[in-house]
Amino acid sequence: MPITVSPDLAFHLRTRSTSYVLKVFPSGLVAHVYWGTRLDDPDLTPLVRLVQRDRPTWEGGGLADDFVGALDAMPQEYPTRGTGDFRPPAIEVTWADGSSVCDLRYSSQRIVSGTVPLPGLPGVSSEERDGTETLELTLADPQGLEVVVRYGVHPDHDALTRSVTVVNRSGQPVGLDRVLSVSVDLYGGDFDELHLSGSWGRERHPVRTPLRMGGHTVESTRGLSSHQHNPFVALLRPGTSEDQGDVFGFNLVYSGNFLIQTEADQHGWTRACLGIHPTGFRWVLDSGQSFQAPQTVLVRSSQGLGGLSRTFHRLYRERLVRGPWKDRVRPILINNWEATYFDFDADRIEAIAQAAAPLGIELFVLDDGWFGRRDRDNSSLGDWVPDRRKLPGGLEDLVSRVNRTGLQFGLWFEPEMVSPDSDLYRAHPDWCLHVPGRHRTEIRNQLVLDLTRPEVRQAVVDQMCAVLDSAPIAYVKWDMNRPLTEVGSASLPPARQGEVSHRYVLGVYEMMETLTSRYPQVLFEGCSSGGARFDPGILHYMPQIWTSDDTDAVERLKIQWGTSLVYPPSTMGAHVAACPSHQTGRTTSLEFRGHVALAGAFGYELDATRFTEEERALVRAQVDLVKACRHLVLHGDFYRLQSPFEGNLVSWMIVAPDRSEALLTWIRVRAEANPGPYRARCAGLDLAAVYEVSGPGGTERICGEVLVHGGLRVPPLWGDFASVLWKLVRVRD
Ligand code: DGJ
C-alpha cells in the first residue's frame with residue numbers, strides 16, 4: 001500500500017526507496033514530518049514527536065506540540081499568510097472585504113487508486129494497475145475557501161507529484177494572488193541549491209550554491225518557462241555529488257511564468273516552494289468555482305544527482321510523454337534552417353532531400369519561411385498558406401517530390417504568433433495580446449496571439465489542420481520565438497486581466513492537445529528560440545524539444561549535460577550542424593559533432609548537397625551507427641561520468657535497462673601535450689557479466705567489474721575536439 005493513514009491522521013506515502021510523512025495535528029494544522037529513506041515501521045509516533053520536540057521552547061503560547069501561536073517554527077505542508085508563519089506562503093488571497101488572512105485547517109481526506117487528471121493541465125499520470133495512489137487532503141478556511149492538496153504516489157517510479165485545487169464556497173468572489181503548487185519544509189539548514197540557468201544559446205547550465213538564510217529565487221516572468229531559468233530546483237545535502245548523497249528534486253509541470261523560492265529558516269528548516277509566478281497574476285475565483293494549479297514532480301535520491309536524473313528520466317519517458325512516439329525510435333531528420341535560412345525554393349529543397357536520402361537519412365524538415373511572403377523574419381506569421389513564389393506547386397507538390405526521394409516530410413509552424421504585416425493581423429488587430437492605448441512591443445518583428453480567446457485558437461488550429469490535411473506531413477516543429485509583453489486581453493473584463501498569462505498557457509495546452517490527438521502519428525517537436533520552453537509541460541504533448549539554437553558541438557556538451565539533469569536524452573533534439581559553427585565560428589570534425597548529437601534525438605542541420613565524397617561516406621556510417629544505437633537513447637539509463645563544467649575531459653554512458661548493451665562516449669575538448677594514458681570509466685554495467693567492447697582499438701571481451709572499476713584505455717589522440725565511442729554488448733552472465 002503506497003499510502004497508509006493512522007487513526008490519528010498521520011499519512012505515510014511510500015515509494016520504492018522513499019517515505020514522505022505528514023501529520024494532521026489536533027488543531028487541524030498539517031505538519032510536514034519527514035521526507036527521506038523509506039521507513040517500514042508502521043508506527044509513526046516517534047517520528048511525529050521528533051517534529052514536535054523540534055519546536056524551540058521559548059516560542060510563544062498555544063497548545064503544546066501543536067504550534068498554534070508558533071507557526072513560524074512549524075514545518076508545514078501548505079502554509080498560508082497572516083496567522084504567524086512569516087516565511088514565503090503557498091497561498092495568498094484577497095477576500096471580498098479586502099482582508100487577506102487565510103487559515104487552512106484539515107477538513108477531510110480521500111485516497112484513490114491511480115492518478116487524478118488535472119483539467120486542462122499536463123502532468124505525470126498512471127493507471128490503477130501500476131500501484132499508484134493519490135491522497136487528497138482537503139483543507140478549509142472558515143470563510144469558505146477549500147484547498148485540496150493532492151499527492152500522487154508512484155511507488156514503482158519512485159516519485160511523488162503534488163498539485164492543488166482551490167474551491168470557493170464563500171458565497172462571494174475571492175481574489176487568488178498566489179497559489180503555489182507545492183511547499184515543503186525539509187529538515188536541515190545547510191543544503192546546496194542547484195538550478196538550471198542560462199540564456200539564448202546557452203540554456204540550462206547547472207548553478208550550485210549553498211543555501212542559507214536570506215532565500216533564493218529562480219523565476220520566469222516572460223510568459224514562458226524561458227532560456228534564463230528552468231522550472232527545476234534540487235536541494236542537496238552536504239557532500240552530495242553525482243554518484244552519492246541525498247538530493248531532493250522539484251520540477252514544475254508548467255510552461256509559463258513560474259516562481260521557485262528556497263530559503264533556510266531561523267530554526268534549521270529549509271522551505272522550497274514552487275508554482276505559478278504571483279507577479280502579474282490575480283485570479284478572480286467566483287463562488288462555486290475552482291482553480292487548478294499545475295503539478296509539481298518530487299523526486300528524492302540517495303544516489304546523488306545521477307540517481308535523481310535517472311528517476312526523472314524513467315518517469316518522464318513512461319508516465320509523462322504520451323502517444324505512439326513514446327516508445328518509437330525517432331527518425332533521423334535533416335532540417336534546412338542553417339542550410340538555407342529563408343532563401344530556398346522547391347528545387348533547392350528537393351535537391352537537399354535527394355542528397356540526403358542515399359545516406360540513410362529518413363525525414364526532411366522544412367523550417368521557417370514556407371508560408372505567406374516571408375523572406376525575412378518580419379512578415380506573414382499567422383498566414384499559414386504556402387508561398388507560391390517559393391513553392392509553385394504548393395506543399396502537396398513539394399511533399400510528394402520529397403517523398404519520392406524516400407524521405408518523409410516535416411514542417412515548421414509558429415502557431416502562437418502574428419506578424420503585424422500579415423493578413424491575419426490586418427483582419428483582426430485585436431487578436432494579439434495588448435493593452436488598449438499602449439504601444440504593442442514587437443520582438444523579432446512579431447506580436448503574440450491572444451490565445452486566451454477560443455476564436456483565436458480555433459482560427460489557428462483550422463489553418464494548421466488545412467495544411468496538415470493537404471499532404472502527408474509526418475512531423476511538426478512547433479516554435480515560439482518571443483516572450484509575452486503588454487499582457488492584456490480584449491476579451492476579458494478589467495478585473496480578470498491578471499488571469500491572462502495563465503489563460504494563455506491553458507490556451508496553448510488546449511491547442512497542443514487538439515492537434516496532437518487529431519494527428520497521433522505525426523511526430524511533434526517543441527521549440528522556442530532554441531530551448532526557451534524545455535519543460536515537462538511541453539513534453540506531455542510533444543516527445544522531443546529542440547534543445548538549443550546553439551549547435552556548436554562543444555557548447556552542446558554543456559547544454560545537453562545540464563538538460564540531462566532532469567530531462568531524458570530521447571527528449572533532446574540534437575543535430576550535426578555546419579562548420580564553422582553559425583553560433584561560435586568554431587570548427588569541429590563531423591565525427592565529433594556526430595558523437596555529441598548521438599546523445600539525443602539525432603538529426604542534421606546542414607546542406608547535404610554540399611557534402612564532399614568523404615563527408616558522404618562519413619555521414620552514411622554515422623547514420624548506420626545512430627540506427628544501431630537509437631533504441632538505447634530512447635530507453636536507456638543515462639550516466640554522467642566526467643563533467644564539461646569541471647575539466648577538459650567529458651564522458652557519459654547510456655546503458656540498456658537490462659544492462660545487456662551500452663554506449664560509452666569519451667571526449668577530450670582541448671589537445672594536451674604529452675598526456676598520461678587516459679582511462680574511460682564505465683558505469684551502470686552488470687559487474688559479473690562479460691561484455692564485448694567494440695571501439696577504436698577493435699573488439700575485445702572484458703568483464704563488467706573491470707570496465708566499471710578499472711575502465712577502458714583511451715587510444716592516443718591528436719588535436720582539439722577529439723572523441724571516442726565504444727559499443728558494449730553483454731556476451732555472458
Ligand atoms: C528558432 C528555432 O530555434 C530555429 O531552429 C528556427 O526554427 C528559427 N526559429 C526559425 O525562425
Side-chain angles (χ1 to χ4, degrees), residues 198-204 222-228 230 255 333-344 349 352 363-384 386-387 390 409-419 421-422 442-449 464 467 473 475-483 523-535 538 542 544-553 555-556 559-560 563 571-578 581-584 593 597 600-607:
S199 181
W200 176 87
R202 15 181 193 90
E203 295 91 337
R204 289 172 299 287
R222 295 164 192 263
L224 67 165
S225 44
S226 88
H227 294 107
Q228 288 72 16
N230 197 259
S255 309
L333 65 83
I334 183 159
N335 177 306
N336 72 308
W337 180 241
E338 288 195 18
T340 68
Y341 294 102
F342 295 102
D343 183 18
F344 61 82
I349 296 304
I352 296 177
L363 169 78
F364 175 83
V365 178
L366 181 58
D367 212 280
D368 196 353
W370 58 268
F371 51 92
R373 293 177 71 80
R374 189 160 163 94
D375 297 327
R376 288 181 41 209
D377 61 10
N378 63 352
S379 86
S380 305
L381 294 171
D383 298 343
W384 300 107
D387 180 349
K390 295 180 186 175
F409 186 88
L411 197 59
W412 179 97
F413 287 93
E414 194 173 359
E416 300 161 56
M417 298 292 154
V418 65
S419 306
D421 179 10
S422 67
E442 292 175 26
I443 300 179
R444 209 195 188 208
N445 306 305
Q446 63 199 55
L447 298 166
V448 183
L449 283 171
M464 290 178 74
V467 172
I473 292 168
Y475 162 107
V476 166
K477 180 174 174 184
W478 181 306
D479 205 348
M480 195 280 191
N481 280 306
R482 60 155 286 177
L523 172 60
F524 281 80
E525 176 157 350
C527 177
S528 180
S529 275
R533 214 165 51 177
F534 205 121
D535 61 59
I538 300 298
M542 307 187 177
Q544 59 192 56
I545 301 176
W546 183 226
T547 315
S548 175
D549 273 345
D550 188 350
T551 49
D552 174 309
E555 295 278 292
R556 273 297 185 113
I559 297 167
Q560 293 174 194
T563 306
T571 64
M572 291 184 222
H575 296 177
V576 173
S581 158
H582 292 198
Q583 292 77 37
T584 61
R593 283 173 269 157
F602 190 93
Y604 292 93
E605 191 95 13
L606 33 68
D607 187 349

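We count ligands from 1, going down the list as the structure has it; atoms in each ligand are counted the same way.
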When you look for protein heavy atoms under 4.0 Å from ligand 1, which residues do they belong to? Trp337, Asp367, Asp368, Trp412, Arg444, Lys477, Asp479, Asn481, Cys527, Ser529, Gly530, Trp546, Asp549
SB check [X] [Y] (cutoff 4.0 Å):
X      : Y      : value
Asp550 : Arg556 : no
Arg373 : Asp421 : no
Glu203 : Arg533 : no

Residues that Asp387 engages under side-chain hydrogen bond (donor to acceptor under 3.5 Å, both in side chains), provided they are two or more places apart: Arg389
Which class fits the ring pair Trp384 and Trp370: parallel under 30°, tilted 30 to 60°, perpendicular over 60°? tilted
Establish, for the pair Lys477 and Phe413, whether the NZ or CZ atom is under 6.0 angstrom from the six-membered ring centre and no further than 45 degrees off its axis. no
